[in-house]
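Data first, discussion second: the structure below is written as structure tokens.
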Amino acid sequence: MAKVLVYGTRVGQKIEFVPTDNRLQLPQSKFSYLLQDWNQSLAVESSYFQVNETLEKILGWGLSTDSLERTNREMGSDVSSFWSSETMDAPEEEESIIVASADGKGVPIRVQSDTAPILDHKPARGPKPNRKKIATVGTVYTIAPFKRHPEEVVASLFKQPEINVKKKRDSKSRSHPKNKKIRASLNLENDESKVKGSAVIFEWMATQLQERNSQNTKTMVVIMDGQATLWDQSKFYLKSPDKVEILDLLHVTPRIWTAAHLFCEADSPDAISFVKDYVLMLLKGQTPLVIHSWQSMAKSRGFKGQKMKALEQIIGYFQKNQERMHYDIYLAQGYPIASGVIEGACRHLVKDRLERAGMRWTIAGAQAMLNLRSTYINGDWDQFIQFRIQKEVGRLYPHQSLVKTADWPLSA
């Protein structure tokens, strides 16, 4: 007598043998769930060619690039339903400041071949249009306050040795981001609608902020560069009345260097002194004074033409973002003033995997990789794999609840 799986529970009911794939709950793919887990956990970090090489070393055989790409797209399409099913438990260890940040990163996209025929093979000059599509990357994390003086920040930016002792002391108390989550989305479209990647990311960030700060006990900080469309999305989705908006200091300092080269010889001691002085003024909350000073200096030196246009662009940038440049208040409260976390997220999530030499992606393929890679980086990979298996088994074998173990002769 051997045990087999059968349908039916009533006496006298016709007994039907369960097919092997049902008994073993085999996946729809010809690759096992374990192999899919292995090859895609490698693929989110390495090129498909490297994944194949690694599998050949371990297993003695590999998978074709087409198979790896197909598995990636199939698994990537399940990530959205996994995210929708997540019930977020409040992390045990959180800090008192919750930060949201977003930025854009280009993804090289494969050019469609149904364009005009190539008449010659001379390389085109100038920028290549439509070669990249922007993925909006968002992150949410908490961090403890870290109060600083403007002079300390300037010294840190310019690596001044005279405060090394103080820097060593402060480095012990500097907080690091906790429970950081990242996600990225391209602009997507189907036959019925178009979905903006920035809207997807800001809606997700709004949910994160609500769930992680439901009692409004944390200070909400939004820190980004000066891109107007991102601030528009922030205004629409992140509607907390106590929200603190901060313009990333590291997107301000390059503009001060540009201004310095308008007034001083490039990279001269005077230019360096110019930058230090005006960065310090901005950190002390003196943005209007900086603007007035530059306007007066330009008038006295008779700036005209391109020189005046360049200065006006910098001044316009400061005027437009002036309400996000109260750095004296931010430093006194211990808020972050630079968006290094989102810059690192853009580089790690997107550039390190999708912008390698020679890589070109379809929109669907790039989004699938971004979905899986963010799931992996966020530490949710194992939960996602189990979710996906349960979802597919439930779809392929909906009658598993009717299956039971029974003694039955193999010859029956």
So do the side chains of [X] and [Y] get within less than 4.5 Å of each other, counting heavy atoms only?
{"X": "Tyr376", "Y": "Gln40", "answer": "no"}
{"X": "Glu95", "Y": "Pro177", "answer": "no"}
{"X": "Met205", "Y": "Val140", "answer": "yes"}
{"X": "Tyr327", "Y": "Leu247", "answer": "yes"}
{"X": "His149", "Y": "Leu331", "answer": "no"}
{"X": "Gln333", "Y": "Pro145", "answer": "no"}
{"X": "Arg356", "Y": "Lys351", "answer": "no"}

Fill in: Phe274 ring center within less than 6.0 Å of Trp257 ring center
no

Query raised in the report: Does the ring center of Phe202 lie less than 6.0 Å from the ring center of Phe236?
Result: no

State whether a side-chain donor-acceptor pair under 3.5 Å links [X] with [Y].
{"X": "Thr229", "Y": "Gln227", "answer": "yes"}
{"X": "Ser67", "Y": "Ser64", "answer": "yes"}
{"X": "Gln367", "Y": "Asn371", "answer": "yes"}
{"X": "His251", "Y": "Glu343", "answer": "yes"}
{"X": "Ser47", "Y": "Gln50", "answer": "yes"}
{"X": "Glu392", "Y": "Tyr33", "answer": "yes"}
{"X": "Gln322", "Y": "Thr287", "answer": "no"}

So does Asp37 get a backbone contact from the side chain of Ser41, meaning a donor-acceptor N/O pair under 3.5 Å? yes

Do [X]'s NZ or CZ and the ring of [Y] fall within the cation-pi criteria of under 6.0 Å and 45°?
{"X": "Lys178", "Y": "Tyr141", "result": "no"}
{"X": "Arg353", "Y": "Tyr48", "result": "yes"}
{"X": "Lys391", "Y": "Phe387", "result": "no"}

Other residues, nucleotides, ligands: >12 heavy atoms within 6.0 Å of [X] [atom1]:
{"X": "Lys235", "atom1": "NZ", "value": "no"}
{"X": "Lys196", "atom1": "NZ", "value": "no"}
{"X": "Arg347", "atom1": "CZ", "value": "no"}
{"X": "Lys320", "atom1": "NZ", "value": "no"}

Roughly how far, to the nearest 0.5 Å, is [atom2] of [Y] from [atom1] of [X]?
{"X": "Asn72", "Y": "Thr65", "atom1": "CG", "atom2": "OG1", "answer": "12.0 Å"}
{"X": "Ser101", "Y": "Met224", "atom1": "OG", "atom2": "CE", "answer": "7.0 Å"}
{"X": "Arg148", "Y": "Tyr330", "atom1": "CZ", "atom2": "OH", "answer": "12.5 Å"}

Side chain to side chain contact (heavy atoms under 4.5 Å, CB included) between Val137 and Arg183, intermediate numbers included: CA-CA 6 Å; Val137 182; Arg183 198 173 287 188; over 6 Å; no

Evaluation steps, side chain to side chain donor-acceptor pair (under 3.5 Å), between Thr71 and Gln36:
CA-CA 7 Å; Thr71 302; Gln36 292 179 57; 5.5 Å; no

Lys181 meets the salt bridge (charged side-chain N to carboxylate O under 4.0 Å, His left out) criterion, sequence neighbours left out, with Asp380

Inspect the contact between Asp78 and Arg388 and indicate whether a charged nitrogen and a carboxylate oxygen are less than 4.0 angstrom apart.
yes

Please report, to 0.1 Å, the donor-acceptor pairs under 3.5 Å made by any side chain of residues 304-318, with sequence neighbours excluded.
| unit_1 | atom_1 | unit_2 | atom_2 | d |
| --- | --- | --- | --- | --- |
| Lys307 | NZ | Leu262 | O | 3.3 |
| Tyr317 | OH | Gly226 | N | 3.4 |

